[in-house]
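By convention in this document, chain letters (A, B, ...) are assigned in the order of the sequence lines, proteins followed by strands, and residues within each chain are numbered from 1. Since the model is a prediction, treat every value here as computed from it, not as a measurement.
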Amino acid sequence: MPELPEVESVVRSLSSKIIGRRISNIYINNPNLRNFIDINIGNKLVGSYISEIYRRAKYIVFIMDDFVLIIHLGMTGILLFNGNLSLKHNHVNIFFDDGNYIVYNDCRRFGSFHIINKDEEEVFFSKIGMEPLIESFNYTYLKNLLKGNRCIKSFLMDNKYIAGIGNIYASEILYMCGISPLRQVKDINDVEINNLIYSIKNILTESIKNNGSSIRDYKNADGVFGVYQKFFKVYNRQGKECYNCQNKIEKILVNGRSTFLCNYCQS
DNA sequence: CGCAACTCCTGAGCGC
DNA sequence: TGCGCTCAGGAGTTGC
């Protein structure tokens, strides 16, 4: 899916268009996403005003009068503003009082919809780690968590420690700071921790500026593709030359996920 | 604890 | 043109 920059791009492209709007109708074409969407629960949202939209980890959060709608895009979910209503894999349409609407389309149906009461929001996100782009995501926060034998790449992708980093950005971040994805977290030294933090913030921020990355399905709510994939240094570049040392980029498996690195620049 | 293996699902890309 | 295989941005669960 969409990782942090892609979800952020969706939220930004959506917010000015639907904040202050009232939901006039919800149509569920297929309730069988990762979780089952109860149509009666969906109908509870009709009549609600959307007062705020934000991203938390890889979730899109819609704040309403009494309820909170939380959408996860899974691997292939897209949320299109006034998108084509007759596409294959359209699962949910949300219509607004001004005649506009958003369509949730998700080929693999790994995404999810959660409708909760306002007072349940904190609990919903209680197991999610810190947002990497806020100031308090710093040396002190990370130092305390980098204990044990697990490898740094699986740590970066573990959303209970850091929110929003997925398989693509984990590889890109580790290349930027010269750390091998296989390094055990307890062996990351203080200089490397600071470099890692810098790389996380830099890569995610740059990607957001480019509307994220579009590998195949992803686009923001305006239907605009991200272009950050043009700047990938290692992801999907196995066999090609490292931009820094000209040795070949390698592809390995880490916890079953494709991982890309330069064995000379990363150690 | 870490992690491998599996689950959910569809389709693109590849070799033959 | 088609078949079968592998792989894909996530994340939860199970079992070792």
What does [X] touch in the nucleic acid at a heavy-atom separation under 4.0 angstrom: a base, only the sugar-phosphate, or nothing?
{"X": "A/Lys88", "answer": "sugar-phosphate"}
{"X": "A/Tyr235", "answer": "sugar-phosphate"}
{"X": "A/Ser171", "answer": "nothing"}
{"X": "A/Gly148", "answer": "nothing"}

Rounded to the nearest angstrom, tell me the gap between atom [atom1] in [X] and atom [atom2] in [N].
{"X": "A/Ile215", "N": "B/dT10", "atom1": "CD1", "atom2": "P", "result": "23 Å"}
{"X": "A/Ile78", "N": "C/dA8", "atom1": "CD1", "atom2": "P", "result": "21 Å"}
{"X": "A/Arg257", "N": "B/dC6", "atom1": "CZ", "atom2": "P", "result": "16 Å"}
{"X": "A/Asn35", "N": "B/dT7", "atom1": "CG", "atom2": "P", "result": "20 Å"}
{"X": "A/Leu253", "N": "C/dT6", "atom1": "CG", "atom2": "C1'", "result": "12 Å"}
{"X": "A/Lys160", "N": "B/dC3", "atom1": "NZ", "atom2": "P", "result": "11 Å"}
{"X": "A/Arg109", "N": "B/dT7", "atom1": "CZ", "atom2": "P", "result": "17 Å"}
{"X": "A/Tyr218", "N": "C/dA8", "atom1": "OH", "atom2": "P", "result": "21 Å"}

Legend entry - Base-pairing assignment for C/dT1 (Watson-Crick or G-U wobble, both under 3.5 Å): none
Inset, instruction - Give none if B/dC8 has no partner; otherwise give the nucleotide forming a Watson-Crick or G-U wobble pair with it, both distances under 3.5 Å. - result: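 Base partner found: C/dG10.
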Reckon [X] has a side-chain N or O less than 4.0 Å from the OP1 or OP2 of [N]?
{"X": "A/Asn149", "N": "B/dG2", "result": "no"}
{"X": "A/Arg108", "N": "C/dA8", "result": "no"}
{"X": "A/Ser154", "N": "B/dG2", "result": "no"}
{"X": "A/His72", "N": "C/dA11", "result": "yes"}
{"X": "A/Asn159", "N": "C/dA11", "result": "yes"}
{"X": "A/Lys58", "N": "C/dA11", "result": "yes"}
{"X": "A/His89", "N": "B/dG11", "result": "yes"}

Inset, instruction - Run the salt-bridge test on A/Asp98 and A/Arg22 with the 4.0 Å N-O cut-off and return the result as yes or no. - result: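 Answer for the salt bridge query: no.
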Legend entry - Test: A/Glu131 and A/Arg55 ion pair at under 4.0 Å: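 A salt bridge links A/Glu131 with A/Arg55.
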Legend entry - A/Asn167 and A/Lys153 side chains, donor-acceptor separation under 3.5 Å: yes
Inset, instruction - Decide whether A/Tyr169 and A/Ser213 meet the rule of one side-chain donor and one side-chain acceptor closer than 3.5 Å. - result: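 Indeed, the side chains of A/Tyr169 and A/Ser213 share at least one donor-acceptor pair under 3.5 Å.
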Inset, instruction - Name the closest nucleotide to the A/Arg150 side chain, picking from C/dA8, B/dC9, B/dC3. - result: B/dC3
Inset, instruction - Identify which nucleotide among B/dC8, B/dT10, C/dC7 has an atom closest to any side-chain atom of A/Ser258, counting heavy atoms from C-beta outward. - result: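 It is C/dC7.
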Legend entry - Span that lies between the P atom of B/dA5 and that of C/dT6, in whole angstrom: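 15 Å, rounded to whole Å.
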Inset, instruction - Begin with the C-alpha distance, continue with both residues' side-chain angles, and end with the deciding distance and a verdict on side chain to side chain donor-acceptor pair (under 3.5 Å) for A/Asp106 and A/Thr76. - result: CA-CA 5 Å; A/Asp106 185 358; A/Thr76 51; 2.5 Å; yes
Legend entry - Pi-cation contact, A/Phe81 with A/Lys17 (under 6.0 Å, within 45°): yes
